[in-house]
Amino acid sequence: MRSRPNPLQWLRYAFGGSLPERLHDWVRHDLTDADWRWRGVFRVCVQIAAPVIAVFFLPGPLNIRVMTAALIVLGALFVGAAYGDELRDRRLRQHGLPPAPRPRD
């Protein structure tokens, strides 16, 4: 892995954008290394940061805003975990890379 995306490229990648071909080795590593699930969880956290912060600026009781933020966080993390393999394969295909091999049962 020779090069890494700069912060703006990584942010675009975190929100579903594709990276230039010269970074495809980094994408393969990011999506197939042993701790790829943790990086996926981190990307989900980056994606939901703005909506969660925005909830706290809405009018209303604090307990409702906290519960709304918790619902956003838990829902997004659940979807990210439940569909992690499919999301990973989609990102690999998006960059022209073969899907990751599945473990045998």
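Everything numeric in this text was worked out from a predicted model, so none of it was measured. For the single chain, residues carry numbers from 1 onward in sequence order. Just the heavy atoms: all of them, side chains too, but no hydrogens, waters or symmetry mates, feed the values below.
F56 is linked by a ring pair (Phe, Tyr, Trp, His ring centres under 6.0 Å) to nothing, counting only residues two or more places apart in sequence or in another chain. For L77, the side chain to side chain contact (heavy atoms under 4.5 Å, CB included) partners two or more places apart in sequence, or in a different chain, are V41, V44, C45, V73. Remark: D85 engages R37, R88 in a salt bridge (Lys or Arg N to Asp or Glu O under 4.0 Å) (not counting sequence neighbours). For the side chain to side chain contact (heavy atoms under 4.5 Å, CB included) test, residues two or more places apart in sequence or in another chain that qualify with F78 are A82. Qualifying side chain to side chain donor-acceptor pair (under 3.5 Å) partners for Q94, counting only residues two or more places apart in sequence or in other chains: R90. For the side chain to side chain donor-acceptor pair (under 3.5 Å) test, residues two or more places apart in sequence or in another chain that qualify with R39 are D30, D35.
Residue R43 holds its CZ atom at 13.5 Å from CH2 of W38, rounded to the nearest 0.5 Å.
Listed by first and then second residue, the side chain to side chain donor-acceptor pair (under 3.5 Å) pairs that reach into residues 57-84 come to none, sequence neighbours excluded. Among residue pairs with one or both ends in residues 7-23, none qualify as salt bridge (Lys or Arg N to Asp or Glu O under 4.0 Å); sequence neighbours excluded.
The main-chain N or O of L19 is found under 3.5 Å from a side-chain atom of H95 such that the two form a donor-acceptor pair. Remark: the backbone N or O of Y13 is paired with a side-chain donor or acceptor of R91 at under 3.5 angstrom.
Cluster partners of M67, using a side-chain heavy-atom cutoff of under 4.5 Å among ILVMFWY residues and allowing indirect links, are I64. When hydrophobic residues (I, L, V, M, F, W, Y) are linked wherever their side-chain heavy atoms come within less than 4.5 Å, the members clustered with I53 are F57.
When all heavy atoms of V55 and A69 are compared, the pair lying nearest together is CG1-N, 4.1 Å. In plain terms, the two heavy atoms of S3 and W26 that are nearest each other are O-CB, 3.7 Å.
Note on L58 and V66: separate hydrophobic clusters, where clusters join Ile, Leu, Val, Met, Phe, Trp and Tyr whose side-chain heavy atoms are under 4.5 Å apart, directly or indirectly. Clustering ILVMFWY residues whenever any of their side-chain heavy atoms sit less than 4.5 angstrom apart, transitively, puts L11 in the very cluster that holds F42. In this structure, W36 is not a member of the same hydrophobic cluster as L87, with clusters built from ILVMFWY side-chain heavy atoms closer than 4.5 Å.
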